[in-house]
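In what follows, a single structure is set out as C-alpha cells and then discussed.
Every chain is numbered from 1 and lettered A, B, ... according to where its sequence line falls, protein lines coming before strand lines.
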Protein chains: 2
Amino acid sequence: MGTHYNGSKKVMRALDSYIKLMRAADTINSAVNLSLSKFGLTESQFNVLDALYHLGPLSQKELGYKLLKSGGNITMVIDNLEKDAYVERRRGTEDRRIFFVHLTKEGGEKLEEILPMKVNFITNEMNRLNKTEQIELQRLCKKIGIRKQ
Amino acid sequence: MGTHYNGSKKVMRALDSYIKLMRAADTINSAVNLSLSKFGLTESQFNVLDALYHLGPLSQKELGYKLLKSGGNITMVIDNLEKDAYVERRRGTEDRRIFFVHLTKEGGEKLEEILPMKVNFITNEMNRLNKTEQIELQRLCKKIGIRKQ
DNA sequence: GTTAAATATTTTAATATTGAACTATTAGCG
DNA sequence: CGCTAATAGTTCAATATTAAAATATTTAAC
C-alpha cells in the first residue's frame with residue numbers, strides 16, 4: 001500500500017475508534033434482536049409497538065419521523081403488525097388521507113411481555129461497564145451523536 | 001424506554017448508555033452510508049470490497065465470518081458485486097466446494113476511488129473526540145463488543 | 001472402500017429498507 | 001368555484017438480511 005492511507009496516527013486512531021464503536025453497537029444490537037425474534041417480533045415491529053405504547057396512537061407519517069424510517073417502510077411494518085392483530089389502522093375523520101395506528105389489547109400485552117426482558121438484557125450488557133465508565137461512555141457518545149439531538 | 005420500568009438508577013443508567021451508544025453509531029453510520037450510495041455501493045458491498053482489498057481473496061465462508069453475515073447473505077452480496085464486475089468467483093482447486101472471491105481491477109479502482117472519502121469522513125467525525133477521549137472510547141467499546149473480536 | 005457426517009454454497013420464504021412512481025385527499029390560489 | 005400544490009399513504013423494484021431446506025463435495029468412520 002502506498003503512502004496514501006498509512007495516514008497519520010490521528011487518522012489511524014479515528015478509524016480504530018470508528019471500528020470499535022460500530023462493533024460494540026453491533027454486538028449488543030444483534031443480541032437484542034436475537035432475543036426479540038424469540039418473541040416473534042422484529043426490531044422494527046418492537047419499535048413501533050413501543051412508540052405507540054408510550055406515545056399513544058400516531059399517524060404513519062409521525063411514526064416514520066420518530067423512528068427515522070421511510071413511508072414505504074412504515075406501510076410494510078404496519079401491514080405485518082396488523083396481520084398479527086397487534087395494531088389497527090383507523091382512518092382520520094378530519095383528514096381522510098391519514099391513518100392513525102392504534103395499539104390493540106394484544107399488542108399492548110405483547111409489549112408488556114417483552115419489555116422487562118429487553119430492559120433486563122440491556123442492563124446486563126451495559127453493566128460490563130461500571131458507573132464511572134458508563135457516564136464517560138455517555139459523554140463521549142453524545143459528542144458524536146449530537147447532530148441527531 | 002418507558003416510565004413503567006423506572007427501576008433502579010443502575011437500570012436507568014444502563015438504558016441511557018445503550019441509547020446514547022446506538023445513537024452515536026447510527027449518526028455516523030447513516031452519514032457514511034449516504035456518502036457510499038452516491039458512489040453506487042451499499043454498505044455491505046463496500047465492506048466486501050474493503051476486506052478483499054486489504055486481505056486478498058477470501059472464501060465466501062471467510063467473508064461471512066469477518067463481516068458477521070450469514071452465508072445466504074454473502075451469496076446475494078457477491079452476486080450483485082459480480083454483476084457489476086467488481087469481484088469474481090473462482091472455484092477452489094483443492095476443495096471444489098469453495099468459491100474464492102477475487103477483487104477485479106475495476107473493483108480495486110472503485111474502492112480506491114471511495115476509500116479516501118470514507119477515511120476522511122470518519123476521521124473528521126471521530127476527531128470530535130481528542131486523543132485521550134478516543135483511547136478511552138476504544139477501551140469501553142472493546143469491553144462491550146468483546147465477544148465478537 | 002462405501003456410507004454417514006460435516007462443510008461450503010445456493011435457494012427459498014419472510015421481513016426490512018429505500019427511493020421513485022402512483023393514488024387519494026386536502027389546501028391554496030386565481 | 002375549479003385547477004394546481006402539497007400531503008398521506010401505497011406500490012414497485014432493488015438490495016439486504018436471516019433461518020431453514022436443499023445441493024454438492026469432502027472427510028471420517030466403520
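B:R97 contributes no side-chain N or O that forms a donor-acceptor pair with the base of C:dT9 under 3.5 Å.
Counting to the nearest Å, the P atom of C:dT18 and the OH atom of A:Y65 are 15 Å from each other. We find that CD of A:E43 is positioned 18 Å from P of D:dA16, with the value rounded to whole Å. Atom-to-atom, CZ of A:F99 to P of C:dT25 comes out at 10 Å; the value is rounded to the nearest Å. To the nearest angstrom, P of C:dT10 lies 17 Å from NZ of B:K69. Look at CE on B:M76: it is 16 Å from P on C:dT15, rounded to the nearest Å. What separates CG of A:L41 from C1' of D:dT18 is a distance of 16 Å, to the nearest Å. Summarising the geometry, the separation between CG on A:N73 and C1' on D:dA13 is reported as 15 Å, rounded to the nearest angstrom. A:I78 places its CD1 atom 14 Å from the P atom of C:dT15, with the value rounded to the nearest Å.
Checked for salt-bridge contact, B:E133 and A:R139 meet the test: a charged N lies under 4.0 Å from a carboxylate O. Between A:K66 and A:D50, no side-chain nitrogen of the basic residue sits less than 4.0 Å from a carboxylate oxygen of the acidic one, so the salt-bridge criterion is not met.
Residues A:N127 and A:Q134 bring a donor and an acceptor atom of their side chains to less than 3.5 Å of each other. Side-chain contact annotation: B:R89 with B:Q60, donor-acceptor N/O pair under 3.5 Å present.
Counting any heavy atom pair closer than 4.0 Å across all strands shown, A:Q45 reaches sugar-phosphate atoms only and no base atom. Counting any heavy atom pair closer than 4.0 Å across all strands shown, B:D95 reaches sugar-phosphate atoms only and no base atom. Among the atoms of the strands shown, none is found under 4.0 Å from any heavy atom of A:S37. Within 4.0 Å of B:E62, counting heavy atoms only, lies no atom of the nucleic acid at all.
Candidate nucleotides D:dG9, D:dT17, C:dT10 were compared by shortest atom distance to the side chain of B:R89, and C:dT10 ranks first.
The pairing partner recorded for D:dA5 is none, the criterion being a Watson-Crick or G-U wobble arrangement whose two distances lie under 3.5 angstrom.
Taking 90° from 0 as the syn/anti boundary, the base of D:dA5 is oriented syn.
When the side-chain nitrogen and oxygen atoms of B:K83 are compared with OP1 and OP2 of D:dA14, none of them lie within a distance under 4.0 Å. The side chain of B:T75 contributes an N or O atom lying less than 4.0 Å from OP1 or OP2 of C:dT10. In this structure, B:N80 does not reach the D:dA14 phosphate: none of its side-chain N or O atoms is under 4.0 Å from OP1 or OP2. Contact between the side-chain N/O atoms of B:T42 and the OP1/OP2 oxygens of D:dA16 is found at a separation under 4.0 Å.
Relative to the ring axis of B:F100, B:R91 does not place its NZ or CZ within 45° and under 6.0 Å from the centre.
DNA chain C is contacted by both A:R96 and A:S44; A:S44 maps to the nucleotide lying nearer its 5′ end (nearest heavy atom per residue).
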Next item on the list: Give the intermediate values and the outcome of side-chain hydrogen bond (donor to acceptor under 3.5 Å, both in side chains) for residues B:Y53 and B:E112.
Entry: CA-CA 9 Å; B:Y53 187 84; B:E112 282 168 354; 2.7 Å; yes
